[in-house]
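Only one structure is covered here, and it is reproduced in the block below.
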Amino acid sequence: MNVEAVKKWMILFTEKVNQNKAYLSELDRAIGDGDHGMNMARGTTEVMAALEAKNPATVADVFKLTGMTLVSKVGGASGPLYGSAFISMAKEAGTTDSLLAILQAGLNGIEKRGQAVPGEKTMIDTWQPVIKALAAGNLSEQTIADAVAHTKEIKATKGRASYLGERSIGHLDPGAVSSGYLFETMLEAGV
Ligand code: ADP
Ligand code: MG
Ligand code: MG
């Protein structure tokens with residue numbers, strides 16, 4: 001895994017989140033508190049500043065700085081969750097070059113931090129099918145879009161959206177959508 005491609009990935013992700021900031025918050029307004037776009041835009045913009053200031057030399061260091069920045073700069077649930085993902089990815093990247101192993105470590109980090117499993121209408125419902133497709137050798141933009149779209153059909157049992165119970169059905173999960181951007185930009189960056 002190439003450090004320049006990983007930096008490019010973080011830049012593209014930041015751009016995508018910022019372009020879709022209003023949309024992410026609108027999704028969160030329907031089943032949460034309406035701040036997911038703000039949280040992610042602030043967090044990723046802080047990541048860009050930190051990467052520019054520190055210019056980390058290895059993939060593990062890029063992930064570590066990204067994770068630490070998200071944990072410290074994002075107040076909402078998504079900060080510690082994405083933060084745990086990147087910090088776990090950094091640890092894994094210290095010992096392997098395998099994208100599959102690294103993303104799997106990221107998912108494990110989210111699951112551990114959020115005490116959630118697939119099917120609870122969270123960002124995990126993007127991460128898990130994406131990793132499954134990557135393992136099967138058929139990860140594409142379509143796989144990502146399908147995973148994200150599926151969150152519309154399920155009931156939230158974790159996070160703020162779970163307060164709505166059945167009424168969360170029919171809405172996309174905002175964190176699943178932002179995770180969709182993460183994986184789309186991973187493909188674009190050629191990581
Ligand atoms: P907050 O809910 O604190 O306002 P955000 O709006 O930034 O935080 O993030 C909400 C997103 O976080 C949800 O859409 C969901 O994808 C994700 N999320 C919330 N709780 C959990 C959890 N326990 N495990 C995994 N993901 C979660
Ligand atoms: Mg929110
Ligand atoms: Mg909030």
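Read the numbers this way: they start at 1 and go in the same order the structure lists the ligands and their atoms.
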Please report the C-alpha distance between Leu103 and Leu134 in whole Å, then the side-chain angles of each, then the deciding distance to 0.1 Å, and finally whether the side chain to side chain contact (heavy atoms under 4.5 Å, CB included) criterion is met.
-> CA-CA 10 Å; Leu103 294 183; Leu134 183 66; 3.8 Å; yes
Yes or no on side chain to side chain contact (heavy atoms under 4.5 Å, CB included) for Met10 and Phe86, after CA distance, side-chain angles and deciding distance?
-> CA-CA 11 Å; Met10 295 302 108; Phe86 280 105; 3.7 Å; yes
After noting the C-alpha distance and the side-chain angles of Leu51 and Val62, does the key distance pass the side chain to side chain contact (heavy atoms under 4.5 Å, CB included) rule?
-> CA-CA 7 Å; Leu51 291 177; Val62 172; 4.0 Å; yes
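Ser178 and Tyr82 share a side-chain donor-acceptor pair at under 3.5 Å. Inspection of the Lys7 and Asn55 side chains reveals an N or O donor paired with an N or O acceptor under 3.5 Å.
Ligand 1 has no N or O atom lying under 3.5 Å from any N or O atom of Lys158, backbone or side chain. Between Gly114 and ligand 1, at least one N/O pair is under 3.5 Å apart.
Contact annotation: Pro174 has at least one heavy atom less than 4.0 Å from an atom of ligand 1. In this structure, Gln115 falls outside the shell of residues with a heavy atom less than 4.0 angstrom from ligand 1.
The residue among Val177, Asp35, Leu81 with a heavy atom at the shortest distance from atom 21 (C) of ligand 1 is Leu81.
Relative ring orientation between Phe63 and Trp9 is described as perpendicular, the plane-to-plane angle rising above 60° on a 0-90° scale split at 30° and 60°. Ring orientation note: the planes of Trp127 and Phe183 are nearly perpendicular, at an angle over 60° on the 30°/60° scale.
Among protein heavy atoms, the minimum distance from atom 20 (N) of ligand 1 is reached at Gly159 CA, 3.5 Å. In this structure, atom 7 (O) of ligand 1 lies nearest to the protein heavy atom Ser78 OG, 2.6 Å. Protein heavy atom nearest atom 26 (N) of ligand 1, with residue, atom name and distance: Thr122 CB, 3.3 Å. The closest protein non-hydrogen atom to atom 17 (C) of ligand 1 is Met123 CE, 3.8 Å. What sits closest to atom 5 (P) of ligand 1 on the protein, heavy atoms only, is His36 ND1, 3.4 Å. Nearest protein heavy-atom neighbour of atom 24 (N) of ligand 1: Ala116 CB, 3.5 Å. At the shortest separation from atom 8 (O) of ligand 1 among protein heavy atoms lies Ala77 N, 3.2 Å. Here the heavy atom of the protein found nearest to atom 16 (O) of ligand 1 is Asp173 OD2, 2.6 Å.
No donor-acceptor distance shorter than 3.5 angstrom exists from the side chain of Thr96 to the backbone of Glu92, with no hydrogens or angles considered. Side chain of Asp173 to main chain of Thr151: no donor-acceptor pair is present (N/O by atom type, distance under 3.5 Å, no hydrogens or angles). Between the side chain of Gln128 and the main chain of Asp125, no donor-acceptor pair closer than 3.5 Å is present. For Thr185 (side chain) and Leu182 (main-chain N/O), a donor-acceptor pair under 3.5 Å exists by modelled atom type.
Every atom of ligand 1 is numbered from 1 in the order shown, and the set under 4.0 Å from a heavy atom of Gly76 is 3 (O), 8 (O). Of all the atoms in ligand 1, the ones that sit under 4.0 Å from a non-hydrogen atom of Asn39 are 5 (P), 7 (O), 8 (O). Within ligand 1, the atoms closer than 4.0 Å to a non-hydrogen atom of Asp28 are 6 (O), numbered from 1 in the order shown. Atoms of ligand 1 found under 4.0 Å from any heavy atom of Arg160 (numbered from 1 in listed order, with element): 1 (P), 2 (O), 3 (O), 4 (O).
Distances from the Mg ion (ligand 2) to each N, O or S atom of Asp33 single out OD1 as the nearest. Residue-level check: among N/O/S atoms of Asp28, OD2 sits closest to the Mg ion (ligand 2). Summary: OD1 is the N/O/S atom of Asp35 found nearest to the Mg ion (ligand 2).
Only the side chain of Asp33 comes within 4.0 Å of ligand 1, judged by heavy-atom distances.
Residue-environment remark: CE (Met48) exceeds the threshold of 12 foreign heavy atoms within 6.0 Å.
Annotation for His171 and Ala30: closest pair ND1-CB, 3.6 Å, computed over non-hydrogen atoms.
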